[in-house]
Amino acid sequence: PPRRLVVKVWGLKESRELWSLDRGEARGGAATFSPDGKRVAWTERGDDGRIQLLVWDVGAERAVSETQVDDDASGLQFSDDNRRLAITGRLGSLRLLHVERREPPLVLEGHQGRIHDAVFNAKATRLVTGGADLRVRLWDTNTGQQLVELTGSDEVVESVAISPDGKWLAASDTRGGLRLWNGTPLP
């Protein structure tokens with residue numbers, strides 16, 4: 001039977017539903033809040049099989065952006081400035097969406113297999129990703145160009161991080177290994 005996706009917003013103080021959004025026959029997927037808490041982004045698969053990405057302004061109760069994304073979209077990550085959104089995929093797809101602009105996401109190509117984590121630097125000019133292909137990659141978020149490909153792990157990269165000053169990259173793997181790279185500062 002078809003499923004209906006209903007997004008419900010609950011008030012903790014009120015202990016009740018404040019409002020809801022009926023998205024019709026769809027299934028929810030990945031979801032994340034912007035760092036300022038004013039927006040929430042989620043993916044949903046419609047009954048036609050296509051996946052939509054919706055960015056919702058929580059206070060205004062309206063969509064800021066809605067766009068079709070790859071059918072393998074599995075992860076979402078906002079930049080600290082709330083303006084960009086990384087969309088990672090189970091099959092290695094990586095897209096960057098500028099939330100305010102009405103244009104298709106920027107395609108970043110390089111990973112083979114699932115991307116497990118994506119993190120922006122503080123200025124949102126760089127994105128670090130890691131995944132099943134045992135690689136950590138550094139990207140220019142304005143051009144989509146891969147700047148660096150880091151190897152050395154013989155395990156799946158589970159998590160990546162950039163230091164606040166942008167001088168260090170960290171990556172952990174499925175066996176508990178941790179690798180640090182000094183970029184002083186990153187390109």
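This is a predicted model, so every value here is computed, not measured.
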Please name the pair of heavy atoms, one in [X] and one in [Y], separated by the smallest distance, quoted to 0.1 Å.
| X | Y | answer |
| --- | --- | --- |
| Pro105 | Thr67 | CD-OG1, 4.2 Å |
| Trp181 | Thr151 | CZ2-O, 4.0 Å |
| Trp139 | Thr129 | NE1-OG1, 2.9 Å |
| Ala30 | Ser74 | CB-O, 3.5 Å |

In this structure, CH2 of Trp10 is separated from OG of Ser15 (nearest 0.5 Å) by 9.0 Å
How many angstroms lie between CD1 in Ile115 and CG in Asp133, if you round to the nearest 0.5 Å?
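The distance works out to 8.0 Å.
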Counting distance only, does the side-chain N/O of [X] pair as donor-acceptor with the main-chain N or O of [Y] below 3.5 Å?
| X | Y | value |
| --- | --- | --- |
| Arg137 | Gly110 | yes |
| Ser79 | Arg84 | yes |
| Arg95 | Val69 | no |

List the steps and the verdict of salt bridge (charged side-chain N to carboxylate O under 4.0 Å, His left out) for Arg39 and Glu100.
CA-CA 12 Å; Arg39 295 179 177 162; Glu100 301 293 328; 2.6 Å; yes
Side chains of Val40 and Val7, heavy atoms from C-beta outward: is any pair under 4.5 Å?
no
Test of understanding: clusters of I, L, V, M, F, W, Y form through side-chain heavy atoms closer than 4.5 Å, transitively. Do [X] and [Y] belong to the same one?
| X | Y | answer |
| --- | --- | --- |
| Leu178 | Leu150 | no |
| Leu53 | Val6 | no |
| Val107 | Leu97 | no |

Kindly write out the residues that satisfy side-chain contact (heavy atoms from CB on, under 4.5 Å) with Asp36, not counting sequence neighbours, or none if the list is empty.
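Ser34, Lys38, Asn82.
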Got a sec, which residues hit side-chain hydrogen bond (donor to acceptor under 3.5 Å, both in side chains) with Gln145, two or more places apart in sequence or on another chain?
none
Take a 6.0 Å sphere around CZ of Arg23 and say whether it holds more than 12 heavy atoms from other residues, nucleotides or ligands.
yes
Expected list for residues 155-162: side-chain donor-acceptor pairs under 3.5 angstrom, two or more places apart:
from: Glu155; atom 1: OE1; to: Thr174; atom 2: OG1; distance (Å): 3.2
from: Ser159; atom 1: OG; to: Asp117; atom 2: OD2; distance (Å): 3.4

